[in-house]
Amino acid sequence: MILPFLALVGCNDLQPALLAPDDTPVFHGDDGEHSHGRYSHISWVPRTDISQYAVEFTYQAAFRNGYTTCYAWTGSNFASTSCTGAGGYAGVGDIIYEGIGATPLSYGDGTSTGVLFFQVTSANPSSITLENWIFGVAMDRNTGQPNPIHEYAGVGPYTAASITCCRVYGLQNPGTSSGSLNYGVQVMVTPGQGNFSALSNLPPIVNVAQGGVQTWSVPANSPAGNTLRWSMSDPAAVGVGGTQPADLTINSASGLKSWDTDGKMLGYYWSHVTIEEIDGTEVVGMVQVDYLIRLLEEVPDNNAPFFTDPPFCNASTDATVNELLSFLVTAQDPDVDDLVTLTGSGIPSGATFSPPAPANPISANFSWTPTTTGSRLVTFIATDPHGAQALCPVTINVVTALEPDPDPDPDPVDPENVQRPSIEIQDVTITSATKGSGSTADGHFVILNASGGDDTYVTLHDVSLTFGSVARRGVRDSYTATCSITPVAALLANGDTLDPNEAKHYGFECGTFDPEIVSGANELTATVTVGSMTNQLGESRDGPPPTNSSPFWF
């Protein structure tokens, strides 16, 4: 179900105010490299701490970086200031006034924010001008803080929306109506009923190689635990012009998109997805996501990059209000000469994620101290020079801190008698596997990274690695070798001290050699054993590893 749209504003009807000379609107017919909208998505959470029907919106959007005037909150309003990005344009942390498209948020009850300010949380400084985007979250014009807050008069449902101007010009599927470059999204709001909206997130531009049926996922989750149903939005019902790409479909139960790319023109397309929340047979929520697709020419023998960290790609991790969450994001490309660009989409306001210049491998730290509870969906994107992408969506569930035990056990605990938890096998990953140097008869040197959770005593376990079943020169050989390391002995030899009451994370190297492993080997299986537990961390197969598996291919 798509709810009726409230009001549609044509691009040429927009009358933005307070624009700096370099921030003048861009309308239909201009060079596509200087057009505007790339992405939008709106979600919400209840704010019953404010009032029974108060709601906090997270409005995420990506625009071309054409902003040379930025703003700062004075305590009562936004005042212009210099931008901090390269060339005097907006950079991460800057606040922009979205007057280029005069982007508002209509609450669905007859009121609106007016033209919004957005705080830039991530950027893609691409040499391709059309892909030089900034990603931001809308600010509350009353408080100067991220995420507009609105108090409704009742339970609704209401249809909040932002339909604005203008899409990137020169798309392959713009349509022919006068409002064909309008873009935006709606969201169903039901305040005062204990519900939360669903969440989604994608890169502003998803790259797809031409050739046959290509697939990718539109990730989403329901913090309220409702069943989700995906569909391709009807542009006329939503309030945007144009038509969806021909032959593009989506699986209603999984969000997997499929597109027969044969015969399609290379270039950029827009797409719009509706995600409904179902409770029994009733639609109790709805969000939408609007984004671009870039259809690229397939590069023969090119391998896409993949993520090695964080271990919870395509999954979730927990965070606590007012406590730092920090983890490493790492990607690499099997083609050693391909430098990887790392970017982020849906980075929360206040979080830090500053990838370095393209490299292989490439790493950047994500750090965030959340101030409110709720879920966030963040997507990390790794892109090689040929446009091949890997996506790492991560749901961050923010909860309140546990209350201290009002009646702690006064008896001291003897560390020697503590029942120490076992390491969880999913906390043991192989972070890289590379050939040894020398002639083609040299073997492989495998790095084993053993790390545990907060209550895991990694130091108390022996770790062993077994690998085998390699294919070389097109012939599959059976090969097995085992090496092991005793963490306790190794750590003590390095002068470390072992505190049985302190959880520690350590990495260990485990190497082996056999002349039967030759340079042409491109398949390898590896099994890690920690204590009595074993986990198969890879499977023998051709081609690069999937993004949710550790690399064992050479």
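Nothing here was measured: the structure is a model prediction, and the numbers come from that model.
Under the side-chain contact (heavy atoms from CB on, under 4.5 Å) test applied with F307, the options L391, L342, N314 reduce to a single match, L342. Of the residues listed (S349, P348, P148), the one engaging V137 in a side-chain contact (heavy atoms from CB on, under 4.5 Å) is S349, and it is the only one. With S122 as the partner, the side-chain contact (heavy atoms from CB on, under 4.5 Å) test is satisfied by one option alone out of V378, I381, I347, T343: I347.
Not one N or O on the side chain of Q119 forms a donor-acceptor pair closer than 3.5 Å with the backbone of A138. The backbone N or O of L199 sits nowhere less than 3.5 Å from a side-chain atom of S43 that would complete a donor-acceptor pair. No donor-acceptor distance shorter than 3.5 angstrom exists from the side chain of W133 to the backbone of P204, with no hydrogens or angles considered. The main-chain N or O of G255 is never found under 3.5 Å from a side-chain atom of N251 such that the two would form a donor-acceptor pair. Under a 3.5 Å cut-off, the side chain of H386 and the backbone N or O of A304 do not form any donor-acceptor pair. The main-chain N or O of E282 is never found under 3.5 Å from a side-chain atom of D279 such that the two would form a donor-acceptor pair. Side-chain N or O atoms of S197 include one that pairs as donor or acceptor with a backbone N or O of W44 at under 3.5 Å. In this structure a side-chain-to-backbone donor-acceptor pair under 3.5 Å is present from D94 to G91. Within the 3.5 Å criterion, the main-chain N or O of G225 finds a donor-acceptor partner in the side chain of S222. In terms of modelled atom types and a separation under 3.5 Å, the side chain of S254 and the main chain of L256 share a donor-acceptor contact.
Residues V273 and I275 have side chains in contact (heavy-atom distance under 4.5 Å, counting atoms from C-beta outward). Looking at K257 and Q214, their side chains never come closer than 4.5 Å, going by heavy atoms from C-beta outward. Inter-residue side-chain proximity for V45 and F57 is flagged as unmet; no heavy-atom pair is nearer than 4.5 Å. In this structure the side chain of V399 never reaches within 4.5 angstrom of the side chain of D318, judged on heavy atoms. The side-chain heavy atoms of Q186 and M286, taken from C-beta on, include a pair separated by under 4.5 Å. V218 places a side-chain heavy atom less than 4.5 Å from the side chain of Y291. Side chains of L377 and P219 form a contact here, defined as non-hydrogen atoms less than 4.5 Å apart. Side-chain contact between V394 and T317 is present, with heavy atoms from C-beta onward closer than 4.5 Å.
The distance from atom CH2 of W230 to atom CD1 of I250, rounded to the nearest 0.5 Å, is 7.5 Å. In this structure, the separation between CG on L296 and CG on N302 is 10.5 Å, given to the nearest 0.5 Å. For the atom pair CG of L116 and CE of M139, the computed distance is 10.5 Å after rounding to the nearest 0.5 Å. Atoms CG and CD1, from N226 and I278 in turn, are 8.5 Å apart once rounded to the nearest 0.5 Å. The distance from atom CG of D384 to atom CG of D338, rounded to the nearest 0.5 Å, is 5.0 Å. Rounded to the nearest 0.5 angstrom, M188 CE and T274 OG1 are separated by 13.0 Å.
Heavy atoms only, all atoms of each residue included: I149 and D140 are closest at N-OD2, 2.9 Å. The two residues Q389 and N207 make their nearest non-hydrogen contact at OE1-N, 2.9 Å. Contact record, S233 with V238: CB-CG2, 3.8 Å, taken as the closest heavy-atom pair. Among all heavy-atom pairs drawn from S363 and L328, the shortest one is CB-CD1, 4.0 Å. Taking all atoms of both residues into account, the shortest heavy-atom contact from D335 to N360 is O-ND2, 3.2 Å. Scanning all heavy atoms of the two residues, the minimum distance from R38 to E131 falls at NH2-N, 4.4 Å.
Aromatic ring centres of F63 and Y39: separated by at least 6.0 Å. Taking the six-membered ring for Trp and the full ring otherwise, the centers of Y269 and W259 sit less than 6.0 Å from each other. Close placement of the F327 and F366 rings is indicated, their centers lying within 6.0 Å of each other.
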*Verdict with reasoning, N322 to T371, per side chain to side chain contact (heavy atoms under 4.5 Å, CB included)*: CA-CA 5 Å; N322 297 324; T371 57; 4.2 Å; yes
*Take Q288 and V187, measure what side chain to side chain contact (heavy atoms under 4.5 Å, CB included) needs, and give me the verdict at the end.*
CA-CA 7 Å; Q288 296 174 336; V187 59; over 6 Å; no
*Step by step, would you call T103 with S162 a side chain to side chain contact (heavy atoms under 4.5 Å, CB included)?*
CA-CA 7 Å; T103 298; S162 181; 3.6 Å; yes
*Residues T249, S258; criterion side-chain hydrogen bond (donor to acceptor under 3.5 Å, both in side chains); working and verdict*: CA-CA 5 Å; T249 62; S258 299; 4.5 Å; no
*Let me see the working for H272 and D290 under side chain to side chain contact (heavy atoms under 4.5 Å, CB included), right down to the final yes or no.*
CA-CA 4 Å; H272 198 289; D290 184 289; 3.0 Å; yes
*Let me see the working for F118 and F135 under ring-ring contact (aromatic ring centres under 6.0 Å, His included), right down to the final yes or no.*
CA-CA 9 Å; F118 284 77; F135 192 104; 9.5 Å; no
*Between N397 and S375, is a side-chain hydrogen bond (donor to acceptor under 3.5 Å, both in side chains) present by the stated rule, with each step listed?*
CA-CA 4 Å; N397 298 312; S375 295; 2.8 Å; yes
*asked:* Working note: E323 + T369, criterion side-chain hydrogen bond (donor to acceptor under 3.5 Å, both in side chains); need CA distance, chi angles, decisive distance, verdict.
replied: CA-CA 5 Å; E323 293 185 10; T369 302; over 6 Å; no
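Defined by atom type and a distance below 3.5 Å, a donor-acceptor pair is present between the side-chain atoms of N201 and T379. Donor-acceptor pairing under 3.5 Å is recorded for the side chains of N147 and E56. Checked by atom type, the side-chain pair S367/N365 shows a donor-acceptor distance below 3.5 Å. There is no side-chain donor-acceptor pair under 3.5 Å between Y183 and S40.
Between E277 and R229 there is no salt bridge, since no side-chain nitrogen of the basic residue lies less than 4.0 Å from a carboxylate oxygen of the acidic one.
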